[in-house]
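All remarks here apply to the structure that follows.
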There are 2 protein chains.
Amino acid sequence: MSLRYALLGLLADEAGSGYELTKRFERSLDRYAWHAKHNQVYQELNRLAADGLAEVVEEGARGRKTYAITEAGRADLRHWLLNPPRTPVVRNEFVLRLFLLFALDPKEARSVLADYAAAVQRDLDALTALVESANFDPHDGVLPDPLAFGHLAAGFGLHMLPASRDWAQWAITQIDNQAGEDAGHEGARETGTSGGDGSAEDGDATKGSGSAEDSGATKGSGAVDEAPGS
Amino acid sequence: MSLRYALLGLLADEAGSGYELTKRFERSLDRYAWHAKHNQVYQELNRLAADGLAEVVEEGARGRKTYAITEAGRADLRHWLLNPPRTPVVRNEFVLRLFLLFALDPKEARSVLADYAAAVQRDLDALTALVESANFDPHDGVLPDPLAFGHLAAGFGLHMLPASRDWAQWAITQIDNQAGEDAGHEGARETGTSGGDGSAEDGDATKGSGSAEDSGATKGSGAVDEAPGS
DNA sequence: TATCCCATGTAAAGCGTTACATGATTAA
DNA sequence: TTAATCATGTAACGCTTTACATGGGATA
């Protein structure tokens, strides 16, 4: 049902045709929130109209139909927004791939992670440029027209993209640390100084790609088998 | 096809039965990476076996079958890991809901965001506790057994959860700022909204660097309409 | 024995992807 | 005129969800 509400959300912002909504979908929701293809959009718009949640307010050239949300549609959207399920659906092929990297050897895994970090950095640069050109100072943190559509999405990217990049760089240092140890001497895993360096992560956020030298300490073997449960 | 590779990944880590793999799935992949139900797991295991990518290595009580990955399975997984598509699938019902918040009035949106931030904080606390109990110092940033399954996932949570929480708090300040401005003419807006703590300020997005170059501030009009494109 | 959790499935319906199809408008 | 892009759809197939179904093992 999520596609239905994604479309109602777009329509709540502004009426539009199937083609136009598909474009807006791609530009604003596709990356972080929800993915859908154009034919799915057309079909869902038909259903929305059949259910009285949207209506055709204009018909133009070559069959173009402009849809607008109805009052019933607004009510339905509102209800959905205010009643989140306990277990929302999450699917992210990016992240899945990254989580399974342990199945590769360290060199390959490192390369995939470096590509990922670089791609994230490019996205971040593009977003920063967009947002600056829209008269928004990312350091100040105040956007014009708060709560406008796309506003929340832009802020989301500005927060999450650096974290995502930093995670990838952190993962690379983990690999390098292990590789360094394995090269040294087999079996033994103990190196002094566990508190020595302060975080090779966060903060520094080196633009561009990872430098990832830094050596660290590895402590005894341990669990951390899984992420926290449901 | 992603479910297939999620399962191959789990099997590459360790063999297991359908029930067991379902549990591992829920604990490690479900939250950030990929969601699937138990019956889907059983069906996919059958297909995996039929395709020679996994095999039954043990049959136990009440029909229990333990599957292991085959060499063909490892090769297939490896190929998938090394050849990412240009446009991976992303679906996140959480984020979708948050992006569409503009369709609510500010008070309601604020409440949804506050609930979200609190839930994320609880997740983060749980993860931190788990990771500390597993002999990992989150400030040091060095994990035992790098690249182990779940290791990358734990690090991911440690990086992304704070960003996610900070974004929600940033969004709340945006709402409050706008509400303060609007209070000029419109009616009362100084209500003591529900359990809100009011201290939505956190150090992150507010640091440094003087304001902008500023030219023609178009407030209220549609600057920053969309997130960066595909 | 009753009850709960373990453990594995099947069937139907709904959602999403891939491939195919069609015609209009705009720019070279 | 030709090609690219705009713009809208249909059909078949595959993936996911919901609901239903079954029985073993452990414990009170």
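Each chain gets a letter, A, B and so on, in the order its sequence line appears, and its residues count up from 1. As the structure is a prediction and not an experimental result, all values here were calculated from the model.
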- Could you identify which residues of residues 33-50 of chain A place a heavy atom less than 4.0 Å from some atom of DNA chain C, listed by residue number, or say none?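 Going residue by residue through residues 33-50 of chain A, the ones with a heavy atom under 4.0 Å of DNA chain C turn out to be A:W34, A:H35, A:K37, A:N39, A:Q40.
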- Check A:W167, A:F94, A:Y116 against B:F156 for a ring pair (Phe, Tyr, Trp, His ring centres under 6.0 Å) and give me the one that passes.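 That would be A:W167.
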How many whole angstroms separate atom [atom1] of [X] from atom [atom2] of [N]?
| X | N | atom1 | atom2 | value |
| --- | --- | --- | --- | --- |
| A:Y19 | C:dT26 | OH | P | 13 Å |
| A:D30 | C:dG16 | CG | P | 13 Å |
| B:K23 | C:dT8 | NZ | P | 11 Å |

- Is B:S17 touching bases, backbone alone, or none of the nucleic acid, heavy atoms closer than 4.0 Å?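 If one applies the 4.0 Å heavy-atom cut-off, B:S17 turns out to touch the sugar-phosphate alone, with no base involved.
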- Query: What is the nucleic acid contact for A:R91, judged by heavy atoms within less than 4.0 Å: base, sugar-phosphate only, or nothing?
  - Reply: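 A:R91: backbone/sugar contact only, no base atoms under 4.0 Å.
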Looking at [atom1] of [X] and [atom2] of [Y], how far apart are the two atoms once the value is rounded to the nearest 0.5 Å?
| X | Y | atom1 | atom2 | result |
| --- | --- | --- | --- | --- |
| B:L104 | A:L81 | CG | CG | 4.5 Å |
| B:S111 | B:I172 | OG | CD1 | 9.0 Å |
| B:E14 | B:I69 | CD | CD1 | 13.0 Å |

- Query: Mapping B:Y67 and A:M1 onto DNA chain C by nearest heavy atom, which one lands closer to the 5' end?
  - Reply: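 Taking each residue's closest nucleotide, the earlier one in sequence belongs to B:Y67.
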- Quick one: which residue pairs count as a side-chain hydrogen bond (donor to acceptor under 3.5 Å, both in side chains) with a foot in residues 87-96 of chain A, not counting sequence neighbours?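 For residues 87-96 of chain A, and leaving out neighbouring residues, the side-chain hydrogen bond (donor to acceptor under 3.5 Å, both in side chains) pairs sorted by first residue read A:E93-A:R97.
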- Item | Charged N-O contact under 4.0 Å between A:R47 and A:E44 |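 Counted as a salt bridge, because a side-chain N and a carboxylate O are separated by less than 4.0 Å.
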- Going through the distances and angles, do A:Y42 and A:T22 end up as a side-chain hydrogen bond (donor to acceptor under 3.5 Å, both in side chains)? CA-CA 9 Å; A:Y42 288 113; A:T22 301; 5.3 Å; no
- Item | Range on DNA chain D touched by chain B - first to last nucleotide, heavy-atom distance under 4.0 Å |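 Both ends considered, the range comes out as D:dC15 to D:dG25.
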- Item | Residues B:Q43 and B:N39: side-chain donor-acceptor under 3.5 angstrom |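 The answer is no; no qualifying pair exists.
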